[in-house]
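We name chains A, B, ... by the order of the sequence lines, and we start the count at 1 in each one. As the structure is a prediction and not an experimental result, all values here were calculated from the model.
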Number of protein chains: 4
Amino acid sequence: MTEIFDSSTPIYLQLVERINRQILRGELKPGDKLPSVREMGIQSGVNPNTVQRTYRELEGMKIVESKRGQGTFVTENQKILQDMREQLKQEEISHFVESMKAMGYSESEIVNGLEVFLSQIEGSESE
Amino acid sequence: MTEIFDSSTPIYLQLVERINRQILRGELKPGDKLPSVREMGIQSGVNPNTVQRTYRELEGMKIVESKRGQGTFVTENQKILQDMREQLKQEEISHFVESMKAMGYSESEIVNGLEVFLSQIEGSESE
Amino acid sequence: MTEIFDSSTPIYLQLVERINRQILRGELKPGDKLPSVREMGIQSGVNPNTVQRTYRELEGMKIVESKRGQGTFVTENQKILQDMREQLKQEEISHFVESMKAMGYSESEIVNGLEVFLSQIEGSESE
Amino acid sequence: MTEIFDSSTPIYLQLVERINRQILRGELKPGDKLPSVREMGIQSGVNPNTVQRTYRELEGMKIVESKRGQGTFVTENQKILQDMREQLKQEEISHFVESMKAMGYSESEIVNGLEVFLSQIEGSESE
DNA sequence: GTGGTCTAGACCACA
DNA sequence: GTGGTCTAGACCACC
């Protein structure tokens with residue numbers, strides 16, 4: 001299975017992002033083992049060296065711990081995961097607000113639009 | 001000046017997006033002349049044919065009117081521009097909510113996070 | 001087989017016209033696959049890019065659906081085809097009336113001439 | 001003033017057609033003088049030889065008479081003009097019926113469509 | 001194979 | 001100058 005990567009940013013960073021999201025969404029839980037470097041390389045259609053670089057990066061962020069001979073595991077340190085969650089949230093919000101302002105919307109229009117949107121999808125949830 | 005394009009989506013669509021935003025932000029006003037296809041081609045580091053494809057697309061959306069021998073102009077039809085503004089807003093909001101939910105946030109957390117963010121930047125507006 | 005095109009209107013529009021008529025006449029039925037852009041290019045003695053422009057145009061009219069890797073197909077949406085049929089009929093009639101009036105015929109002469117003509121060919125139908 | 005000619009049929013035939021229509025529409029009346037070969041050449045952006053050929057053709061059809069030293073005149077023979085009028089009418093009707101049938105319309109649909117069309121434009125004549 | 005995008009360069013029509 | 005069409009040929013994504 002070949003994956004799709006945006007060629008404008010390095011693949012290893014995109015992999016970092018993807019794994020972070022998997023953790024945030026609960027697809028990967030604290031203590032879970034990540035696929036081996038080789039395995040992930042095949043899954044992602046990417047060179048194992050790139051995966052290695054990804055895991056090193058995640059380890060630097062304390063999100064992941066490598067245990068020699070056993071594999072790479074999601075940290076059990078809840079605080080770190082919380083911090084990451086918070087940080088990604090801020091980035092997402094910031095990007096959203098920036099885009100809306102770039103389109104000329106005022107802050108109140110932004111909040112209002114969001115609330116209207118949420119109330120709408122509530123009504124059509126299971127259609 | 002060579003521009004950077006995300007290779008994952010067609011250049012002509014990225015150009016469409018960019019021009020739409022310029023119109024929404026008021027950088028291009030109704031009746032304004034766009035750069036000629038050749039001029040824009042140079043500015044964007046892109047083939048004139050690609051720019052023309054962009055302009056043709058915009059013309060199909062009724063956002064722009066091309067007059068042979070004269071140039072390409074932003075429509076003066078305010079209703080169309082309003083519709084586009086509204087549509088892009090919806091897309092932006094929808095994308096935002098989807099991302100936040102993908103990260104496991106509840107609707108109330110999303111609204112709350114947005115409001116906190118806005119109250120923060122208010123304090124540091126003119127720094 | 002090289003085809004003949006009227007040089008006064010763009011080839012891609014003439015191709016659009018031709019395909020529309022083929023659909024209206026039932027030579028192409030809903031769901032039918034059109035020749036590939038390359039194939040049609042050879043058949044028509046025209047560049048594949050020109051054929052693609054044609055297909056893109058038809059897709060914009062919702063008359064055709066292109067599926068990457070599979071081909072281009074006549075829509076199965078009967079309503080669209082009916083609308084097109086009606087529209088082309090109106091254009092044909094309008095053009096006819098205009099020509100006749102330009103030659104100085106009154107409306108009743110036009111209707112009368114048509115009816116006489118039709119009654120004549122009825123007699124010589126299967127010659 | 002440069003005129004527009006369809007490059008798929010000879011210019012002199014297109015000129016013949018045009019003059020015929022002018023006569024039928026009453027823009028040129030029996031006995032009227034046509035522009036000189038040179039004059040018409042300039043008006044139409046066409047070589048005088050081409051005009052010469054056109055006039056010769058019209059003379060062969062008895063629609064026009066050349067009087068040496070005076071010019072070329074529309075015939076005063078009403079019968080000829082009537083015949084031409086009738087012939088062009090037949091061609092126009094025939095072409096119309098053929099097109100409509102090619103689109104799959106029955107004879108009654110053709111007549112009906114025409115009548116509906118005429119009744120519609122009657123209501124919006126002077127808008 | 002299929003459609004889709006992009007380029008380079010030509011030629012045309014309009015003004 | 002402007003936009004519009006067309007070609008030849010390249011490369012990509014999907015199947």
Any side-chain heavy atom of Val51(D) within less than 4.5 Å of one from Arg38(D)? no

Watson-Crick or G-U wobble partner for dC14(F), using a 3.5 Å limit on both distances? dG1(E)

Specify whether His95(B) and His95(A) have parallel, tilted or perpendicular ring planes, treating 30° as the upper limit for parallel and 60° as the lower limit for perpendicular. perpendicular

Rounded interatomic separation in angstrom, taking [atom1] from [X] and [atom2] from [N]:
X        : N      : atom1 : atom2 : result
Tyr55(C) : dG3(E) : OH    : P     : 7 Å
Lys67(B) : dG1(F) : NZ    : C1'   : 17 Å
Glu39(B) : dG3(F) : CD    : C1'   : 15 Å
Glu65(C) : dG4(E) : CD    : C1'   : 17 Å
Leu58(C) : dG3(E) : CG    : C1'   : 14 Å
Glu59(C) : dT2(E) : CD    : C1'   : 13 Å
Leu34(C) : dT2(E) : CG    : C1'   : 13 Å

For side-chain contact (heavy atoms from CB on, under 4.5 Å), just list the numbers for Gln87(A) and Asn20(A), CA-CA rounded to whole Å, side-chain angles, deciding distance to a tenth of an Å, and then say yes or no. CA-CA 11 Å; Gln87(A) 188 193 328; Asn20(A) 277 344; over 6 Å; no

Classify the side-chain pair Gln43(B)/Glu39(B) by whether it contains a donor and acceptor separated by less than 3.5 Å. yes

State, without any angle test, whether Gln82(B) and Glu86(B) hold a side-chain donor-acceptor pair at a distance under 3.5 Å. no

Treating primed atoms plus P, OP1 and OP2 as sugar-phosphate and everything else as base, which nucleotides of nucleotides 5-13 of chain F get B, S or - for protein heavy atoms under 4.0 Å? BBBBB---B

Ser66(B) side chain N/O closer than 4.0 Å to the phosphate oxygens (OP1, OP2) of dG3(F)? no

One should read off an interatomic distance between Arg53(A) CZ and Thr50(A) OG1, to the nearest 0.5 angstrom, of 9.5 Å

